[in-house]
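Below: one structure, written as structure tokens.
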There are 2 protein chains.
Amino acid sequence: MARKRKADHDTAIAAALDLFWSQGYDASTREIEEKTGLTRFTLQTAYGGKEGFFLDTLDAYLDRAEQLHFPDPETCDLAGLADWFESVAAPDRIPLIDQRGCLAFNSIADFDRGNAEINKRVQRYLRMFEERVRAILDQAASNGTLTPTLSPNDASRVLVDLLLGLHVTIKARVDDDVARQHAKSIAALVRSWVHT
Amino acid sequence: MARKRKADHDTAIAAALDLFWSQGYDASTREIEEKTGLTRFTLQTAYGGKEGFFLDTLDAYLDRAEQLHFPDPETCDLAGLADWFESVAAPDRIPLIDQRGCLAFNSIADFDRGNAEINKRVQRYLRMFEERVRAILDQAASNGTLTPTLSPNDASRVLVDLLLGLHVTIKARVDDDVARQHAKSIAALVRSWVHT
DNA sequence: GACTTTTCTATCCACGTGGATAGTAATTAT
DNA sequence: ATAATTACTATCCACGTGGATAGAAAAGTC
């Protein structure tokens, strides 16, 4: 038919992920051009503008979080969940998270709730995480390894808020240690739920 | 000496509080003129521009939070703290919080950590809250009313993250009930710490 | 090689932004 | 009253933004 795009979709999205991740939605279209190799023209014609392109990027991020980052109920029990929270602020991961936070979380801040497309993705993020956590808690409850002082319902909501809160702490941090301490305390909380 | 300002400092700050609260730092200088009665000229000469004015407004917000909103260790025990968390999302308060969140929290999102003046105020907010919570927990620990499964250190960090996380949940909400449920679950957690 | 289709390059645009400035009006000290 | 001081009005400005558009260039089809 016609000429091929200089940069293909996948590498463009990968580069954009990097860019939006560090700068949020405020990254300018000029900078998107530089970093992704796309042109503002292509941005317009192929993705329907900056916002459409951002949505695609956010989708890619969520896919990745689902596959790689979130705790997996298949392999993860209550103690594993505690470790997972600690790993969020682990020395090898914190430099990255430290600077950029979580793209989905940042999007909650960048957009108000008037944007339906963003909303869908924010909800997907929250739902995904809560489901994972709840599955782990339900297993622990039926195992008898969950202390009976707190219902899986309450516990899973608390853990969602704790993940979000940890992200805020990371974003608000001045001292690098703070986030790690908070993650440790969250882990300690989860471990206190392990019924012996 | 000279002419008086049409709008005085206090009412201007009060109006600005309202504006920044609902729109964040993105509120335009034009809108600040409308809502506060100040002129862009006065904004410049008397406050050093938009940012200086915003900082003054944020200070006023923090003062208010400290005096009126935060839980008071003098009158508040562990059970009271649980109630306080629930009250954050209470029916009479949630419509407000729902729409506007917390100005200090929003500022964490609006600015990066490169801004020292904002940082100072964000830190003040976090420190104020953590100190209040820690005082309550320390009292409970020495009372013997705090369950020994979690240290006051860990518990206070967890509660800071929970407050922040609750704010995110409120901001990200689609359904109005969600925030209330989360607040209730947090309250349930705190109550589970009450040693009987 | 001619035609078609799509992307690329290079501008151009309207808009909103925070801020600057010059001239005018109001208020107070003398 | 007059002078001094401050705030107000009304523009003006430079800048960055996302987006639009016209023409050139490249890659297919025939």
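Order of the sequence lines sets the chain letters (A, B, ...), proteins ahead of strands, with each chain counted from 1. Small disclaimer: the values here were computed from a predicted structure and weren't measured.
A salt bridge does not link Glu33(B) with Arg30(B): none of the charged nitrogens is closer than 4.0 Å to a carboxylate oxygen.
Seen from the ring of Tyr25(A), Lys50(A) counts as a face-on cation partner, given the 6.0 Å and 45° thresholds.
Look at CD1 on Ile32(B): it is 14 Å from C1' on dG16(C), rounded to the nearest Å. Between the CG atom of Asp26(A) and the P atom of dC15(D) there is a distance of 21 Å, rounded to whole Å. Atom-to-atom, OH of Tyr25(A) to C1' of dG16(D) comes out at 15 Å; the value is rounded to the nearest Å. Rounded to whole angstrom, the span from the CG atom of Leu38(B) across to the P atom of dG18(C) amounts to 15 Å. Going from atom OH of Tyr47(A) over to atom C1' of dG19(D) covers 18 Å, rounded to whole Å. One can place CD of Glu51(B) at 9 Å from P of dG19(C), the figure rounded to the nearest angstrom. The separation between Gln44(B) atom CD and dT11(D) atom P is 20 Å, rounded to whole Å. Whole-Å rounding puts the Leu43(B) CG to dT17(C) P distance at 14 Å.
Among dT11(D), dT9(D), dA7(D), the nucleotide with an atom closest to any side-chain atom of Thr42(B) is dA7(D). Closest to the side chain of Thr29(A), out of dT7(C), dG19(D), dT17(C), is dG19(D). When the nucleotides dT9(C), dT17(C), dG18(D) are ranked by their closest atom to the side chain of Thr39(A), dT9(C) comes out on top. Nearest to the side-chain atoms of Phe41(B) among the listed nucleotides dT21(C), dG19(D), dC12(D) stands dT21(C). In this structure, of dA20(D), dG18(C), dC8(D), it is dG18(C) that holds the atom nearest to the side chain of Arg40(B).
At least one side-chain heavy atom of Arg127(B) sits less than 4.5 Å from a side-chain heavy atom of Glu131(B).
None of Asp138(B), Leu163(B), Leu159(B), Val160(B) except one satisfies the side-chain contact (heavy atoms from CB on, under 4.5 Å) rule with Val133(B); the exception is Leu159(B).
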